[in-house]
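First up is the structure itself, then whatever we jot down about it.
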Amino acid sequence: MADIKVNIAGLQMKTPVMTASGTFGYGLEYADLVNLEDIGAIIVKGTTLNARQGNDYPRMAETPSGMLNCVGLQNKGAEYFCKHIYPEVKDIKTNVLVNVSGSSPDDYARCAELIDELDHIPAIELNISCPNVKQGGMAFGVTTSGAASVVRAVRAVYHKPIIVKLSPNVTSIADIACAVQDEGADALSCINTLMGMSIDIEKRRPRLSISTGGLSGPCVKPVAVRCVWQVARAVKIPVVGLGGISSAEDAIEFMMAGASAVQVGTANFIDPAISVKIAQGISDWLDSHGYRSVQEIVGAIL
Amino acid sequence: MRKFQKNLTVSEIQFLGGKYVLLKLTDTDPLPEILPGQFVEVLTPNSQTLLRRPISINYVDRDTNQLWLLVAMIGEGTRALGRLREGDQLNLVFPLGNGFSPVQKAGEEVLLVGGGVGIAPLLEYGKYLRENGASPSFLLGGRTAADILLLDKFESIAPVYITTEDASAGEKGFVTQHSILLEKSFDRISVCGPKPMMVAIAKYAKLANIPCEVSLENMMACGLGACLCCVEKTVKGNVCVCTEGPVFDINDLTWQI
């Protein structure tokens with residue numbers, strides 16, 4: 001059996017497969033349908049300092065081989081998370097990470113400070129790439145200075161590993177990656193959703209309440225693989241790949257492009273147990289191809 | 001209530017005319033506990049669609065271990081369900097959602113109002129009410145007689161009152177115009193159907209001071225409360241229809257009624 005354990009910036013994972021923020025709730029929602037302990041890491045829903053109601057319905061539209069969403073970071077806020085959700089998730093025997101978002105660098109920092117207190121949250125993912133909020137979110141992730149300002153503010157107060165989730169909606173994702181690395185990010189995740197739009201031609205109006213949304217699912221995979229490859233060539237810190245992964249072969253493709261680990265997102269909606277099946281599939285593929293460790297394929301084409 | 005992801009076998013397919021198809025699915029194990037008004041998320045095989053489709057549970061037959069899905073073939077995903085053959089496997093995540101209210105008191109008169117494919121979960125709910133000491137009645141509405149589906153089955157459970165817009169069955173008009181609403185008093189009302197119909201019944205119930213619940217069908221991806229796409233505005237803010245619903249008390253919604 002090939003070794004599929006990975007270490008991302010000090011974060012030890014049983015498998016290289018994580019569940020992507022916003023697609024797996026707090027993990028608990030899936031507890032009947034998959035063994036949570038067998039997942040490399042669970043990244044919980046985007047959390048902000050203050051509670052957010054998110055955008056109006058409709059928030060989703062299915063598109064060819066993908067879906068658009070404009071949820072808009074609906075969550076009950078960092079304090080609620082610490083008080084009510086953390087006690088429920090802290091004993092899940094795998095890594096539970098919090099995805100942190102905000103509308104100013106100070107917001108991000110104050111939210112991260114609260115999460116820093118939680119012993120059983122070994123790392124955070126900084127979301128500087130949500131396309132569905134008016135203030136903050138992706139606004140930070142599309143310029144090197146904006147991205148750097150958020151990471152700098154959080155790095156000053158947060159003591160555990162920081163993974164920064166990058167937006168593909170930029171001219172040069174490698175430039176953003178380098179700026180974030182320079183401010184002390186420990187790892188990067190690529191990519192958040194691609195900004196998209198869909199129109200109901202009979203009703204002559206957009207399918208989503210705020211017109212635009214984030215595109216995810218198999219249709220974004222080639223874009224995501226390209227982003228991972230560009231970023232992995234530009235930085236020294238580990239890269240976590242995501243974007244349309246729904247099979248072990250998809251995950252291996254990302255790893256060959258330079259990802260040390262992967263996240264599964266939209267595919268969780270189709271098969272709630274997919275993250276564990278993909279990990280098993282990676283192991284089987286490595287065995288059948290004569291590899292002893294998953295490390296041997298990371299960055300194979302760089 | 002425990003959720004499962006399982007393959008069930010398509011044991012019978014009945015085309016009910018128009019866009020409607022009834023799928024009877026058999027589980028190899030005894031079916032799990034299921035509440036009336038709950039739904040399944042079904043994978044649509046041989047379809048261009050990616051996501052599961054939420055379909056309400058029409059009927060649970062414990063004797064034959066069958067679960068029925070009444071499907072309106074409207075889009076690519078539901079049309080793919082109509083292309084299934086007997087013996088095919090169908091992958092379900094179920095049971096999902098909260099379901100209709102349990103029996104409140106013995107002998108209570110409960111009116112179940114349905115329109116179009118929205119009648120689907122009322123069959124199972126009517127059976128449950130009858131078996132548990134309540135007294136259900138069905139009020140079913142459609143454009144025309146052909147829209148009143150599974151009538152024999154409904155009639156085997158409880159009295160059925162019908163309205164059609166063209167008077168081809170029952171009384172002419174909308175469900176809110178049926179004479180039974182004037183002739184008989186009900187302790188509470190449960191509704192599933194097109195939104196304008198649910199709003200009309202909710203208005204009637206509020207005016208008549210009758211407790212009323214409605215079953216919503218907002219578009220959703222996961223069905224598990226994770227994607228936060230299917231939210232409905234309520235007095236508690238945006239909540240997921242898939243986990244906090246699909247059944248809501250009309251007083252918890254922010255509808256203009």
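Throughout, a chain's letter reflects where its sequence line sits, starting with A, and its residues are numbered from 1.
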Could you tell me whether a side-chain N or O of B/N238 sits under 3.5 Å from a main-chain N or O of B/T234, the two making a donor and an acceptor? no
Applying a strict 4.5 Å limit to non-hydrogen atoms, the region of A/Y26 in contact with chain B is neither
What's the separation between atom OG1 in A/T193 and atom CG in A/L68, rounded to the nearest 0.5 Å? 9.0 Å
Which of parallel (below 30°), tilted (30 to 60°) and perpendicular (above 60°) describes A/H84 and A/Y80? tilted
Heavy-atom distance under 4.5 Å to chain A: side chain of B/T49, backbone, both or neither? both
Is there a donor-acceptor pair closer than 3.5 Å between any side-chain N or O of B/Q38 and the backbone N or O of B/G97? yes
What is the ring orientation for A/H120 with A/Y86, classed by angle as parallel under 30°, tilted 30 to 60°, or perpendicular over 60°? tilted
Does any heavy atom of chain A fall under 4.5 Å from the side chain of B/L228, the backbone, both, or neither of them? both
About how many Å separate CG of B/L25 and CD of B/E12, when rounded to the nearest 0.5 Å? 11.0 Å
Part of B/V93 lying under 4.5 Å from any heavy atom of chain A: side chain
Answer with side chain, backbone, both or neither: which region of A/N55 has an atom nearer than 4.5 Å to a non-hydrogen atom of chain B? backbone
B/N218, part contacting chain A, at a heavy-atom distance under 4.5 Å: both
Contacting moiety of A/P58, where chain B heavy atoms sit under 4.5 Å: side chain
